[in-house]
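Worksheet for the structure shown next.
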Amino acid sequence: MPELPEVETVRRTLLPHLVGQMITGVEVLRSTQLKNVSPEVLKEKLTGKEIRDVGRRGKYLLIYLSQGEVLVVHLRMTGRLLFYAEGHEVTPHTRLLIELIPPAELHLHDVRSFAMVFLLPKAEECSLPGIAALGPEPLSADFTPAGLAAALARHRSPIKNILLGQRVVAGLGNIYVDEALFRAGINPLRSANSLTAAEVGRLFQAIRTVLADALGSGGTSIRDYVNGHGVPGAFQQKLAVYGRKGHPCRRCGTTLVGERIGGRSTVYCPLCQPNSAKSVK
DNA sequence: AGTCAAACCTGGGCGC
DNA sequence: TGCGCCCAGGTTTGAC
C-alpha cells in the first residue's frame, strides 16, 4: 500500500537510473491502466523521448520527459515500478513495459490492476483532478500547524476520514493515519473540528515524524510494496498500531482495538487514544 | 457543500 | 483437498 514514504522511496531509487535515459520502446500489456491515453498514442509520444526528472506529489509519481510531457503514475494498492538494468521477463502481472537504452527496462507490475497511468503536457500535470485537490505536502514548509488547524475546523467527520481524504494534507493512507493518530494520542473517531489547539499541534508533529521515520526505513512492506529495485522496506517492524489489533499497546500494554471507520480497518489504543475531547493528558 | 458507500480488481487466508 | 467467502484499500463516482 504505497503511501507517501513508499512512493518517495520509489522515486529516490528510480531517479539516478532513469534521468538521462532514452525511451526506445513501449509495450502496453493491460490498456485499462492507461487513463487518458491510448496504447498507440502512449507509444508514439514516449518513444524517442528522454527522461529528465522524477518527481512526486502526494502519492503520484511524475516522470518528466523531454519536449514537455509528463508520465504520471499512481500505484494505488499493489502497483510496483521496477527498474531493471539488464532487461527482465514479463510476468503475468506486468502491465506496462518501457524499454530504455538497451538493455534497461522500467516495468509497471500490478497484481490487482488498480494503478493509474496518465500522460499530460507538463503545464497541465497539476490540473489532473487527483492532483489539483491535494492538500499541502506534509514534509514541506507549506504544511503548518495553523494551516492544519484551519483545515480541520471546516470538517466534522472523524479525524481518521479527514486525514485519509488527501485534501487537508497529501500522502497519508491507512497505515500512517493510524500511526500518526497513535503518536498524537488522538482517537480516530474524534470529530476533526473538535481537536484542541494542543491536539492539532501534536498531530502536526506526529504526521511529520511518522512519515520521516518511515522514509528513513525505506517505507512499510506489508504485502506488495517494494522500492524501484524490488527491495522491501522495514518500517512494518516499527508499526505501533496498524495491523496489531488484539496485540498489547507498545506504550501501555492495553489490548489494541480494531474498528471500521470510514470503511477502513482502523486500530488504536483505547487508553492512549481516549474518545473524549476532555481527556487531554 | 459535505458526507457516505459502492465500484474497481485479484490473491491470500480462513472455515467447512 | 477443494470450494466459497471475506478481506485488503486509494481514488473516483454517484447518491443523499
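Just so we're on the same page: letters track the sequence lines, and every chain starts at 1. Being a predicted model, the structure only gives us computed values, none of them experimental.
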(Q) For B/dT3 and A/Asn161 - does any side-chain N or O of the residue sit under 4.0 Å from the phosphate oxygens OP1/OP2? (A) no
Q: Figure out the CG/C1' separation between A/Asn174 and C/dA8, and round it to whole Å.
A: 9 Å
Q) With respect to the phosphate group of B/dG11, does any side-chain polar atom (N or O) of A/Thr78 fall under 4.0 Å of OP1 or OP2? A) no
(Q) Donor-acceptor check, side chain of A/Glu6 to backbone of A/Thr220, threshold 3.5 angstrom: yes or no? (A) yes
Q) A/Arg156 side chain: which of B/dT3, B/dG11, C/dT11 is closest? A) B/dT3
Q) Would you say the ring centroid of A/Tyr242 lies under 6.0 angstrom from that of A/Tyr176? A) no
Q. A/Leu164 has an atom CG; how far is it from atom P of C/dT11, in whole Å?
A. 9 Å
Q) If you pin A/Arg260 and A/Tyr60 to their nearest nucleotides in DNA chain C, which one's is more 5'? A) A/Arg260
Q: Mind calculating the distance between OH (A/Tyr225) and P (B/dG11) to the nearest angstrom?
A: 22 Å
Q) Would you say the side-chain atoms of A/His88 and A/Glu86 include a donor-acceptor pair closer than 3.5 Å? A) no
Q. Can you check the A/Met116 CE to B/dC8 P distance for me, whole Å?
A. 16 Å
(Q) Closest approach to the side chain of A/His93, judged atom by atom: which nucleotide of B/dG11, B/dC9, C/dT11 is it? (A) B/dG11
Let me check something: any side-chain donor-acceptor pairs from residues 113-134 of chain A under 3.5 Å, sequence neighbours excluded? List them with distances.
{"from": "A/Ser113", "atom 1": "OG", "to": "A/Arg30", "atom 2": "NE", "distance (Å)": "3.4"}
{"from": "A/Ser113", "atom 1": "OG", "to": "A/Arg30", "atom 2": "NH1", "distance (Å)": "3.4"}
{"from": "A/Ser113", "atom 1": "OG", "to": "A/Gln33", "atom 2": "OE1", "distance (Å)": "3.3"}
{"from": "A/Ser113", "atom 1": "OG", "to": "A/Arg95", "atom 2": "NE", "distance (Å)": "3.1"}
{"from": "A/Ser113", "atom 1": "OG", "to": "A/Arg95", "atom 2": "NH2", "distance (Å)": "3.1"}
{"from": "A/Glu125", "atom 1": "OE2", "to": "A/Tyr64", "atom 2": "OH", "distance (Å)": "2.5"}
{"from": "A/Ser127", "atom 1": "OG", "to": "A/Glu124", "atom 2": "O", "distance (Å)": "2.6"}

Q. To the nearest angstrom, how far is A/Lys59 atom NZ from C/dT11 atom C1'?
A. 9 Å
Q) C/dT11, B/dC4, B/dC9: which one has an atom nearest the side-chain heavy atoms of A/Ser157? A) B/dC4
Q.
Nearest to the A/Met77 side chain among B/dT10, C/dA8, B/dT3, which nucleotide is it?
A. C/dA8
Q) At under 4.0 Å, does any side-chain N or O of A/His155 touch on OP1 or OP2 of B/dT3? A) yes
(Q) Counting the atoms with a prime plus P, OP1 and OP2 as sugar-phosphate, which does A/Gly130 contact under 4.0 Å by heavy atoms, base, sugar-phosphate, or nothing? (A) sugar-phosphate
**Q.** A/Arg202 CZ to A/Ile186 CD1 distance, which is reported to the nearest 0.5 Å
**A.** 5.5 Å
Q: Nearest whole angstrom, please: distance from the P of C/dA8 to the NZ of A/Lys245.
A: 9 Å
(Q) Whole angstroms only, please: what is the NZ-P distance between A/Lys35 and C/dT12? (A) 10 Å
**Q.** Out of C/dT11, B/dC9, B/dC4, whichever nucleotide has its closest atom nearest the side chain of A/Arg112
**A.** B/dC9
Q: Tell me what A/Arg167 touches on the nucleic acid: a base, only sugar-phosphate, or nothing, going by heavy atoms under 4.0 Å.
A: nothing
Q.
Tell me whether A/Thr266 contacts the main-chain N or O of A/Arg264 through its side chain, where contact means a donor paired with an acceptor under 3.5 Å.
A. yes
Q: Decide, yes or no, whether a salt bridge links A/Arg11 with A/Glu8 under the criterion of side-chain N to carboxylate O below 4.0 Å.
A: yes
Q) Where the side chain of A/Arg56 meets the backbone of A/Gly58, is there a donor-acceptor pair that is under 3.5 Å apart? A) yes
Q.
Nearest whole Å is fine: how far is C/dT11 P from A/Arg57 CZ?
A. 12 Å
Q. Quick one: is C/dT12 close enough that its OP1 or OP2 comes under 4.0 Å of any side-chain N or O from A/His74?
A. no
Q) How sharply is the helix from B/dG2-C/dC16 to B/dC16-C/dG2 bent, taking the axes over five pairs at either end and rounding to 10 degrees? A) 50°
